[in-house]
Amino acid sequence: MNKHLSADQAAMLYGNRFLTEDAPDGPFPEGGMSALDAMRLVDEELALEGDPNRNLATFVTTWMEPEAQRIIGENLYRNFIDHAEYPISAELEQRCIRMLADLYHAPGETTGCRTQGSSEAIMLGALSLKWKWKQRREAESKPIDKPNLVFGGDVHVVWDKFCRYFDVEPRIVPLQDGKYVIGPEDVEPHVDENTIGVAAVLGTTFTGHADDIVGINKLLVDLKGDKGLDVPLHIDGASGGFVWPFLYPDSEWDFRLEQVRSINVSGHKFGLVYPGIGWLIFREKSDLAEDLVFYENYLGKTDATFTLNFSTGASMVLAQYYNFVRYGREGYAYIMKAMQLNAEALASKLEANGNFELIGADQEQLPLVAFKLTGEQDYDEFDVSWQLSAERGWMLPAYTMPPNAEDVKVLRALVKQTLSREQIDRLADDIQTACETLEKKGGAHPSERKKMKASPGY
Ligand SMILES: *Cc1c(COP(=O)(O)O)cnc(C)c1O
């Protein structure tokens with residue numbers, strides 16, 4: 001080694017000093033490091049994160065085309081909210097909204113917005129339900145202190161969050177063993193004059209099925225006729241909004257149904273864009289409560305905003321528009337069909353395994369396989385999840401169903417664009433091997449068993 005160099009000089013010359021030092025993780029660092037060292041430190045930190053190719057848990061996009069990645073990379077500086085400076089980005093958002101409104105059969109001109117994901121879209125959509133209800137009540141000089149919202153136990157946690165954050169009583173229809181979606185008979189007893197709306201799910205996170213939206217719509221249409229109660233229906237299409245139009249185009253769940261007033265969808269799930277994009281689409285302009293739109297004079301131009309956040313990147317809006325023009329209906333249908341075929345291939349292999357039963361594989365469903373053990377084993381679904389992860393690194397979530405079906409344990413595999421038939425075969429073989437290992441040792445040892453909570457992963 002060159003004896004003329006001090007330790008600092010050597011570090012400067014040979015780099016990678018961080019390799020023998022703790023990563024800064026508390027006090028704000030006094031000094032910095034070279035750009036190369038900082039980049040390598042972050043890369044090293046991330047090396048042990050989950051591998052997206054073996055992640056069967058997430059609904060969120062983990063792969064996009066290089067051309068889309070280029071658009072994203074080249075536009076990272078663009079602040080979406082700055083409409084004065086970036087009016088074309090705003091126009092591309094409007095194009096996406098018009099295309100989605102068309103896909104969802106909006107009867108005429110409508111409105112909507114890009115959001116950070118379905119969670120923000122649901123907060124905004126539900127706020128609009130609350131404000132429209134207040135308007136209706138005030139017009140009749142009736143009290144507005146007890147709003148409620150009706151939904152099933154099969155919804156995403158964001159609906160409970162909305163109710164707590166914005167002071168609305170949640171009226172939650174419990175699930176039952178073997179019944180993991182809700183229908184009109186479940187909704188009816190909960191609806192009254194204080195109901196701001198009903199939320200129905202298209203593609204639940206738990207089993208990938210849809211609530212009986214046609215039935216719930218009919219109930220609400222009848223209520224309007226019989227009792228004069230006009231209760232709007234919001235569809236949580238976070239996942240299903242980009243699956244049903246392409247796999248089940250004749251199934252009615254959208255604005256073809258009279259009481260469906262708003263729909264949310266996650267662009268970063270089956271919209272096939274990286275995380276950070278969701279959409280809220282109203283049936284008609286009048287379904288957006290005007291009081292929630294802010295008009296401001298910012299950077300010299302009057303602008304209307306309906307959003308919980310302010311500054312955010314434009315890249316994912318551009319990437320969504322890229323996907324719409326790149327794939328069109330035909331391309332999306334082709335990709336969704338491919339996922340569905342592979343999900344069916346996995347499902348039939350799991351049936352052949354003999355240890356499992358499928359959950360609702362004969363119904364309209366997201367491209368996933370939800371399954372459980374037949375119950376004759378000495379091990380449970382959590383053991384299978386643990387063993388498969390230990391042996392092969394697959395992340396296959398196990399979880400319990402929401403109340404009142406908490407005794408039911410489920411395994412769920414998302415089958416996305418990145419899971420080829422070859423991978424499906426390997427996965428099915430690995431599940432088989434995991435079952436054989438568990439059979440030999442009679443379940444996972446308690447010390448091995450990862451304490452997985454009831455979260456199915458999103
Ligand atoms: C994922 C999901 C959400 C939340 O969506 P984000 O885009 O992650 O904010 C809400 N509802 C359902 C049904 C979901 O699957």
Side-chain angles (χ1 to χ4, degrees), residues 55-59 152-156 173-183 186 200-213 215 236-240 243-244 247-248 251 253 269-270 336 339-377 379-388 394-416 419 424 427-428 430-432 434-435 438 452-458:
N55 184 347
L56 306 168
T58 186
F59 285 91
D154 56 338
V155 300
H156 186 273
V173 180
L175 305 183
Q176 301 158 34
D177 191 344
K179 185 171 182 295
Y180 310 126
V181 289
I182 61 164
D186 304 304
V201 190
L202 185 76
T204 72
T205 54
F206 302 101
T207 66
H209 296 109
D211 287 336
D212 178 1
I213 298 171
D236 181 352
S239 288
V243 172
W244 259 257
L247 286 186
Y248 314 110
S251 265
W253 61 273
K269 289 183 175 173
F270 293 95
M336 297 303 149
M339 295 182 195
Q340 187 183 42
L341 286 171
N342 278 348
E344 285 165 3
L346 177 62
S348 61
K349 280 179 180 281
L350 290 172
E351 266 191 316
N353 173 307
N355 284 303
F356 300 109
E357 53 192 63
L358 306 174
I359 300 174
D362 54 341
Q363 293 150 37
E364 293 181 354
Q365 194 180 24
L366 298 172
L368 57 77
V369 186
F371 57 110
K372 59 205 235 357
L373 289 163
T374 54
E376 289 137 29
Q377 296 77 7
Y379 50 91
D380 73 358
E381 286 79 358
F382 288 87
D383 293 342
V384 175
S385 176
W386 185 87
Q387 191 65 39
L388 191 64
W394 293 107
M395 283 175 269
L396 176 74
Y399 47 92
T400 53
M401 293 296 286
N404 293 331
E406 333 51 348
D407 291 343
V408 181
K409 298 174 198 165
V410 178
L411 288 156
R412 189 198 64 204
L414 260 290
V415 179
K416 297 196 300 193
L419 206 64
I424 293 279
L427 171 64
D430 291 344
I431 293 175
Q432 177 88 42
C435 290
L438 288 166
M452 284 192 242
K453 291 279 184 285
S455 162
Y458 309 108

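Worth saying up front: this structure is predicted, and the values here are computed from it rather than measured.
- For the pair D186/K179, a side-chain contact is recorded, criterion being any heavy-atom separation below 4.5 Å from C-beta on.
- Side-chain contact check for V410 versus F371: every heavy-atom pair is 4.5 Å or farther apart.
- Distance check, rounded to the nearest 0.5 Å: CD1 of I213 to CG of L202 gives 5.0 Å.
- Note that CG of N404 and CG of L175 are 8.0 Å apart. Values are rounded to the nearest 0.5 Å.
- Remark: aromatic rings of F206 and Y180 are distant, center separation not under 6.0 Å.
- The distance from atom CD of E351 to atom CG of L346, rounded to the nearest 0.5 Å, is 11.0 Å.
- R412 places no side-chain N or O within donor-acceptor distance of the main-chain N or O of T207, the cut-off being under 3.5 Å.
- The CD atom of Q432 sits 7.5 Å away from the CG atom of N355 when rounded to the nearest 0.5 Å.
- By the 4.5 Å heavy-atom criterion applied to side chains, W394 and I431 are not counted as neighbours.
- Looking only at side-chain heavy atoms (C-beta outward), L438 and Q377 stay at 4.5 Å or farther from each other.
- Between Q340 atom CD and E344 atom CD the span is 5.0 Å, to the nearest 0.5 Å.
- Atoms CD and OH, from Q363 and Y248 in turn, are 10.0 Å apart once rounded to the nearest 0.5 Å.
- For the residue pair W244 and W253, the shortest heavy atom distance occurs at CB-NE1, 3.7 Å.
- Here the shortest heavy-atom pairing between L366 and S239 reads CD1-CB, 3.6 Å.
- K409 is not listed as a side-chain neighbour of K372, based on a closest heavy-atom distance of 4.5 Å or more.
- Side chains of L56 and M395 form no contact here, defined as non-hydrogen atoms less than 4.5 Å apart.
- Minimum interatomic distance between L414 and L419 (heavy atoms only, all atoms of both residues): O-CD2, 4.0 Å.
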Q: Under the side chain to side chain contact (heavy atoms under 4.5 Å, CB included) rule, what do E357 and T374 come out as? Steps first, then yes or no, please.
A: CA-CA 6 Å; E357 53 192 63; T374 54; 4.1 Å; yes
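- A distance-only check finds a donor-acceptor pair linking the side chain of N55 to the backbone of A57 [under 3.5 Å].
- Annotation for K416 and T58: closest pair NZ-O, 3.1 Å, computed over non-hydrogen atoms.
- The two residues G360 and Q365 make their nearest non-hydrogen contact at O-OE1, 3.8 Å.
- Here the side chains of V181 and V201 are not in contact, with every heavy-atom distance at 4.5 Å or above.
- Side-chain N or O atoms of S385 include one that pairs as donor or acceptor with a backbone N or O of L396 at under 3.5 Å.
- Scanning both residues, L373 and Y379, for their nearest heavy atoms gives CD1-O, 3.4 Å.
- In this structure the side chain of K269 never reaches within 4.5 angstrom of the side chain of V243, judged on heavy atoms.
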